[in-house]
Number of protein chains: 2
Amino acid sequence: MIVAREYLQSFGIRPSVQRVAVMHYLLTHRTHPTVDEIYSELVNEIPTLSRTTVYNTLHLLYEHGAILALCIDGVNTHFDGYTSPHAHFMCSQCGKIYDVDLDDVAFVERNTPKNASIVTDAQLYYKGVCATCANKSN
Amino acid sequence: MIVAREYLQSFGIRPSVQRVAVMHYLLTHRTHPTVDEIYSELVNEIPTLSRTTVYNTLHLLYEHGAILALCIDGVNTHFDGYTSPHAHFMCSQCGKIYDVDLDDVAFVERNTPKNASIVTDAQLYYKGVCATCANKSN
DNA sequence: GAGTATTTTTGTAATGATTTCAAAAACGAA
DNA sequence: TTCGTTTTTGAAATCATTACAAAAATACTC
């Protein structure tokens with residue numbers, strides 16, 4: 001948990017037990033979990049944990065740029081503790097979200113809208129069927 | 001409405017009155033409206049129109065690739081009748097969504113995930129504050 | 001053109017993610 | 001320890017979306 005605590009502090013976020021747990025979860029699980037997936041896991045560790053706290057914490061982390069928020073399927077927001085520039089690919093069959101490396105990391109920045117005064121977030125995502133699911137349905 | 005009707009047919013979609021109205025609205029309004037914005041406008045034209053029909057129609061159009069569906073703020077899905085490759089920029093102050101041209105239209109395709117068997121959709125979006133809103137708050 | 005099957009629309013009710021809010025708990029400073 | 005501030009909690013409310021079955025419109029056949 002040391003890493004998560006220091007990571008939060010580097011963003012100026014006070015490291016409460018709940019915040020550290022959420023951040024630690026996201027740093028150690030590259031699965032792009034939803035609020036409920038995070039809550040369901042952490043409530044074992046912190047039995048008094050409230051879903052609202054998970055919502056509050058994720059908002060806070062997102063506002064401070066400590067995590068990414070991904071809205072791909074229009075149903076659930078997914079979260080990512082890995083904030084280096086990369087894209088995402090969601091399989092509409094299994095629901096998994098994969099990280100996607102970019103051949104030109106500067107592309108997104110270079111195409112920043114001209115009429116944007118401030119840009120707080122930029123995301124590139126793909127939707128489709130992953131190879132694993134495509135093979136299964138043979 | 002002629003254009004919308006033929007446009008739908010080119011995608012193999014039967015042109016009902018409601019479908020043509022929704023498609024026509026999206027072809028003539030580049031505002032990236034939500035379901036409710038579309039419904040509220042069209043119900044004047046088609047008084048019996050149901051919100052469910054708008055939902056059904058938008059799903060259908062999206063499935064056939066006739067429109068884009070944008071999930072940017074995680075609250076509302078916005079729709080776009082202009083399907084040529086471009087990105088979007090949403091101002092978190094006024095809520096407007098702007099079209100963004102790309103300096104390299106092939107970028108998105110070129111970076112298609114390796115483990116993708118089928119790609120049905122790809123979107124790039126930016127979030128921030130637009131110049132108009134930034135000037136207002138001076 | 002009448003009759004029948006199929007597709008589409010409609011409206012209400014249900015679902016489920018997210019937000020609101022005020023009280024309780026934890027924390028920090030003096 | 002005490003007081004003020006921040007954070008957490010949980011229940012209730014909100015609101016976009018979906019489910020579903022009946023009604024309406026459309027297409028198909030004789």
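So that the names make sense, note that chain A is the first sequence line, chain B the second, and so on, each numbered from 1. Worth knowing before you read on, the calculation uses all heavy atoms, side chains too, and leaves out hydrogens, waters and symmetry mates.
- Put simply, Gln18(B) has no side-chain N or O that comes within less than 4.0 Å of OP1 or OP2 on dA25(D).
- By the 4.5 Å side-chain criterion applied to Ile, Leu, Val, Met, Phe, Trp and Tyr, Tyr82(B) is assigned to no cluster and stands alone.
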Leu8(A) and Val20(A): CA distance, side-chain angles, deciding distance, side chain to side chain contact (heavy atoms under 4.5 Å, CB included) verdict
CA-CA 7 Å; Leu8(A) 290 180; Val20(A) 172; 4.0 Å; yes
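- Under a 4.0 Å N-O distance rule, the pair Asp101(A)/Lys114(B) does not qualify as a salt bridge.
- For Thr57(B), whose side chain is taken as the heavy atoms from C-beta onward, the closest listed nucleotide among dT9(C), dT9(D), dT7(D) is dT9(C).
- Nucleotide dT7(D) holds its P atom 15 Å from the CG atom of Leu58(A), rounded to whole Å.
- Rounded to whole Å, atom C1' of dT8(C) lies 14 Å from atom CD1 of Ile13(B).
- Toward the 5' end of DNA chain C, the nearer of the two residues Val54(B) and Arg14(B), judged by each one's closest nucleotide, is Arg14(B).
- Whole-Å rounding puts the Leu60(B) CG to dT9(C) P distance at 9 Å.
- Taking atom CD1 of residue Ile46(A) and atom C1' of nucleotide dG10(D), one finds them 16 Å apart after rounding to whole Å.
- Residues in residues 34-65 of chain B take part in no ring pair (Phe, Tyr, Trp, His ring centres under 6.0 Å) pair, two or more places apart or across chains.
- Val129(B) belongs to a hydrophobic cluster with Ile118(A), counting contacts under 4.5 Å between side-chain heavy atoms of Ile, Leu, Val, Met, Phe, Trp and Tyr, direct or through other members.
- For the pair Asp73(A) CG and dA16(D) P, the interatomic distance rounds to 17 Å; values are reported in whole Å.
- Rounded to 10°, the angle separating the first-five-pair axis and the last-five-pair axis of the helix from dG1(C)-dC30(D) to dA30(C)-dT1(D) equals 30°.
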Could you pull out every donor-acceptor pair under 3.5 Å between side chains of residues 12-19 of chain B and any protein atom, sequence neighbours left out?
| unit_1 | atom_1 | unit_2 | atom_2 | d |
| --- | --- | --- | --- | --- |
| Ser16(B) | OG | Arg19(B) | N | 3.2 |
| Arg19(B) | NH1 | Arg14(B) | O | 3.0 |

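- Checked against side chain to side chain donor-acceptor pair (under 3.5 Å), Asn111(A) has the following partners two or more places apart in sequence or in another chain: Asp103(B).
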N/O contacts under 3.5 Å, protein versus nucleotides 17-24 of chain C?
| unit_1 | atom_1 | unit_2 | atom_2 | d |
| --- | --- | --- | --- | --- |
| dT18(C) | OP1 | Thr77(A) | OG1 | 3.2 |
| dT18(C) | OP2 | Tyr55(A) | OH | 2.9 |
| dT18(C) | O5' | Tyr55(A) | OH | 3.4 |
| dT19(C) | OP2 | His59(A) | NE2 | 3.4 |

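- Leu61(A) has its CG atom 10 Å from the P atom of dT8(D), to the nearest Å.
- A ring pair (Phe, Tyr, Trp, His ring centres under 6.0 Å) check over residues 105-130 of chain A, counting only residues at least two apart or in different chains, returns the pairs Phe107(A)-Phe107(B).
- The side chain to side chain donor-acceptor pair (under 3.5 Å) search around Asp99(B) returns Arg30(B), His32(B), His86(B), His88(B), not counting sequence neighbours.
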